[in-house]
Amino acid sequence: MPEVSERVRELHARMTLDEKLAQIVGYWLDQNGLVAPMQGEMAAGQGSGKLAEITEHGLGHYTRVYGTRPVDPVDRAAWLWAEQRRLKRETRLGIPALVHEECLTGLAAWKAATFPTPLAWGASFDPEVVEEMAVAIGESMRELGIHQGLAPVLDVVRDPRWGRVDECIAEDPYVVGTLATAYVRGLQSTGVHATLKHFVGYSGSRSGRNHAPVSAGPREIADVFLPPFEMAVVEGGVRSVMNSYTDVDGIPMASSTEYLTELLRERWGFDGVVVADYFAVAFLEVMHGVARDRAEAAELALTAGIDVELPVGDAYLEPLAEAVRTGRVSEGLVDRAVLRALKQKEELGLLEPGAFEDEPPAHVDLDTPRHRDIARRLAEESVVLLSNDGLLPLRLTDPAARVAVIGPNAHRSEALMGCYSFANHVLAHHPEFPIAVEMPTVLEALGRESLGGADPASGPELVYAQGCEVEGDTSGFAEAVAAAEGADVAVVVVGDQAGLFGRGTVGEGNDTLSLDLPGVQRQLVEAVVATGTPVVMVVLTGRPYAIEWALDGDARPSAVLQAFFPGEEGGTAIAGVLSGRVNPSGRLPVSLPRDAGAQPYTYLHPILGGPSEVTSTDSTPTRPFGFGLSYTEFAYGDLEVDPEVSAGSSFTATVTVTNAGGVRGADVVQLYGRDVHGSVARPVVQLLGYARVTLEPGESATVTFTVPTQRFAFSDRSMTRVVEPGDAQVWVGSHASASRVEVAEEATNGAIRNERAAAERAIPGTATSRALVTVTGPLHRVALSDPRRVTVQVART
């Protein structure tokens, strides 16, 4: 049984079975619109009856009281305070309910700030601003009486065809772990519990299909999918974890004692609460077929370690109660979960006599200037410049100049937000309600921007033509072409519409067979380029698309920007990059694919995972992980690396980075490495650490990385996590492909010829010469307490 306080143990001892079960389920007050998988089928009959009857024995969670339909936050807070007081007054034990909400891109509630989607966090490579964002989100939640947030998502991107890529941070586990842990720390510093999603392996689903089985081996699970979760548990101290829907090698994660108890609790020491993803317990019967009925599903989930069933008590109420009373299921399983749930409520202050005795907020502002400032800075740091022939930044000093703003995402606020934003998640069912948050579109933001030094009021004329819808036809092409022909520059904004389960082109349940831009958007861009007017293509998406034609084709746009759903200030950030007010510093958190047929792909591949003369298919990305251009140039030099380090210790790598251009800018300095020889196949390149450094023109900085050798750790043939003695190559590069070709060729002594060596070298980027680090023995078995994070010091010179 879990360790709990005497107060919790005494409270538990007084509980009847019905009161125990009430504490480990949720109740969904409003089920308005489809916001969870199979919600219509799974939640039939729920939500009827009076609250006094439904909560007669108490209640564990209130499910999304702010986030299921548009409700005024102040009015809803007044209702919630009154309801919590009623639970204290009218139920025998007087325990308030825990309130949970979605908060991946900000609190998912009407009138609340909408921040960039996690892919944009990854593109920023900035844990500090991510943590700052999470603090702001948590403070809003706490003010409204919310206790638990269902975020962040730690799924490592493996296949961009998967619809939920827009909820993910990166394809690199270390980037995912550092940014997600920053989010956890920020949110929990406000007294709101974070929830890690989705434990584990969800993003490895076959063919990028949602809820599909996962065929990953135990080593891929251990070395790719688990490290971000381990960092957030061990280093971040997260208080809640949510299971994934998938099965791994035939075992549904919701019934996996091996992962939810033996690994998570017994090996990692997690002592918080595991909550079920919505309907995941019932899915053991309905979707996985490993349970004969809901009672057996409840037994499997409780045995595995799922403490709380969400969003409702589909299995943990009547079916489980009957099974316990007939002796089919041990009440000890229920007791274990109840004690954990009560411990969490105690941590959150819900067992204190004064809980909810204060007055509810009479006024709340969920989108303050501080919220907007954080949203703007994160959005600005996340925009990635993919190509530029010199057109950007725009310098349109002629007051008679004209800019054509074209495309399905040029003048839509919804195009700036991810799947779990309130607007795309909930308001899609309520078109009569406004977004209620200021969210300038790219067109509107360009109208406020100074282009070429002129005052916006007297700047270039903007001419708008939609051209097509995201999944539309070519009927608007003629208007778009005419607008471009009469303009000095055309800005064509293409991309996605986030949504759920078929309501969009990306998002939960919106997986894709193709990585072409949706609909006829490529044809639109090509038609505008054909006019001869210089074109900037802005890609506003929730996944990377195959746009080699726009980057390396014969009739390509003059410049291409990539923005991953940058939130309420995203339009302003994009306009700032176009004007030059913002020097782009985003870097790709995911490889830019060449073709859907080459997926799944990761830059963390072994030699056999790359292109070679023994296969006719090419997996080389169009632009690699970590890639991003700037309006200035950065040079690297004077790399110094400790030549020798014992396994289990740390070594330092020091490099000088210089702003060699004429514009102030931020560089993401990326330290890469390669284990030259391992007892199992190792990646040809691996990110070891990163640092965001801002420099004035001509300024230099010395960046020192202190690297635990655990960054080279992996699961050996016995599935023991080890650092092996041997040689490792280390270098600094501007992206994952910088210097990678030479590394691969050296490693194989030319045995496998890289057919795309010339193309890879042509990708803009710089790298230092590689240094050799010898890791000396003996072999080091990695312990939970070993350092995993690279520390960075920046000294300006």
Side-chain angles (χ1 to χ4, degrees), residues 28 30-44 63-64 67-70 101-102 104-106 108-110 112 114 117-119 150 153 160-168 197-198 202 205 208-212 245 277-279 311 407-409 411-437 439 441 466 468-473 493-521 539-543 545 564-568 570:
W28 207 342
D30 298 306
Q31 295 185 47
N32 211 273
L34 185 64
V35 296
M38 297 180 64
Q39 179 182 331
E41 296 90 335
M42 302 305 300
T63 294
R64 298 178 65 176
T68 305
R69 63 181 176 89
E101 296 285 354
E102 299 285 359
L104 187 63
T105 60
W110 197 40
T114 301
T117 204
L119 266 185
L150 304 187
V153 171
R161 296 174 297 178
W162 193 49
R164 303 194 78 166
V165 164
D166 102 88
E167 300 175 50
C168 302
K197 297 161 58 172
H198 305 86
Y202 192 21
S205 60
R209 293 177 57 248
N210 197 37
H211 285 221
Y245 284 127
D277 205 345
Y278 284 14
F279 307 115
N409 283 351
H411 196 36
R412 291 193 314 113
S413 295
E414 291 84 355
L416 299 167
M417 296 176 283
C419 165
Y420 267 72
S421 65
F422 188 78
N424 289 329
H425 203 75
V426 176
L427 285 184
H429 301 287
H430 303 274
E432 71 276 16
F433 283 84
I435 292 176
V437 172
M439 196 168 303
T441 66
Q466 183 181 28
C468 67
E469 295 181 351
V470 170
E471 295 183 280
D473 55 33
V493 190
V494 296
D496 276 321
Q497 171 57 48
L500 286 83
F501 313 117
R503 300 192 314 274
T505 56
V506 73
E508 185 173 1
N510 289 327
D511 314 310
T512 183
L513 296 172
S514 168
L515 289 176
D516 295 329
L517 284 174
V520 296
Q521 294 183 78
V539 188
L540 260 174
T541 64
R543 63 160 59 92
Y545 280 99
F564 296 111
F565 292 147
E568 63 183 31

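Basis for what follows: all heavy atoms, side chains included, without hydrogens, waters or symmetry-related copies. Keep in mind it's a predicted model, so treat the numbers as computed, not measured.
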- Classify the angle between the aromatic ring planes of Trp162 and Tyr202 as parallel (below 30°), tilted (30 to 60°) or perpendicular (above 60°). perpendicular

- Are Pro408 and Cys468 close enough that some pair of their side-chain heavy atoms sits under 4.5 Å apart? yes

- Paired with Tyr420, the side chain to side chain donor-acceptor pair (under 3.5 Å) test is passed by just one of His425, Arg164, Glu167, namely Arg164

- Is it the case that Asn210 and Tyr245 place a side-chain donor and acceptor less than 3.5 Å from each other? no

- Item | Euclidean distance, Phe422 CZ relative to Thr114 OG1, rounded to 0.5 Å | 9.5 Å

- Query: Would you call Val426 and Arg64 a side-chain contact if the rule is heavy atoms closer than 4.5 Å?
  - Reply: yes

- Message: So, taking the atom named SG in Cys419 and the one named CG in Asp496, what distance separates them when rounded to the nearest 0.5 Å?
- Response: 11.0 Å

- Determine, for Arg209 against Asp511, whether the closest basic-nitrogen to carboxylate-oxygen distance falls under 4.0 angstrom. no

- Query: Would you say Ser421 and Leu104 make side-chain contact, with heavy atoms under 4.5 Å?
  - Reply: no

- Note on the structure: Asp166 meets the side-chain hydrogen bond (donor to acceptor under 3.5 Å, both in side chains) criterion, sequence neighbours left out, with Thr117

- Note on the structure: Residues passing the side-chain contact (heavy atoms from CB on, under 4.5 Å) test with Gln466, sequence neighbours excluded, are Tyr464, Glu469

- How far apart are the closest heavy atoms of Gly570 and Leu416, and which atoms are they? C-CD2, 4.1 Å

- Item | Residues in ring-ring contact (aromatic ring centres under 6.0 Å, His included) contact with Tyr545, at least two apart in sequence or another chain | none

- Query: Just by distance, do the side chain of Glu508 and the backbone of Phe501 share a donor-acceptor pair under 3.5 Å?
  - Reply: no

- Query: Roughly how far, to the nearest 0.5 Å, is the CZ atom of Arg161 from the OG atom of Ser205?
  - Reply: 9.0 Å

- May I ask you to test the Thr541-Phe565 pair for a side-chain heavy-atom distance under 4.5 Å? no

- Where the side chain of Trp110 meets the backbone of Pro434, is there a donor-acceptor pair that is under 3.5 Å apart? yes

- Query: Between atom CD1 of Ile435 and atom CE of Met417, what is the distance when rounded to the nearest 0.5 Å?
  - Reply: 4.0 Å

- Item | Residue list, side-chain hydrogen bond (donor to acceptor under 3.5 Å, both in side chains) with Asn409, at least two apart or on another chain | Arg412

- Could you tell me whether a side-chain N or O of Asn510 sits under 3.5 Å from a main-chain N or O of Gly502, the two making a donor and an acceptor? yes

- Task: Could I get the full list of side-chain hydrogen bond (donor to acceptor under 3.5 Å, both in side chains) partners for Thr512, not counting sequence neighbours?
- Result: none

- Query: Is a side-chain donor or acceptor of Arg543 paired with a backbone partner of Thr505 at a separation under 3.5 angstrom?
  - Reply: yes

- Task: Mind checking side-chain hydrogen bond (donor to acceptor under 3.5 Å, both in side chains) for Glu101 and listing every partner two or more places apart, or none if nothing turns up?
- Result: none

- Task: Nearest 0.5 Å please: distance from the CG atom of Leu517 over to the CD atom of Glu471.
- Result: 12.0 Å

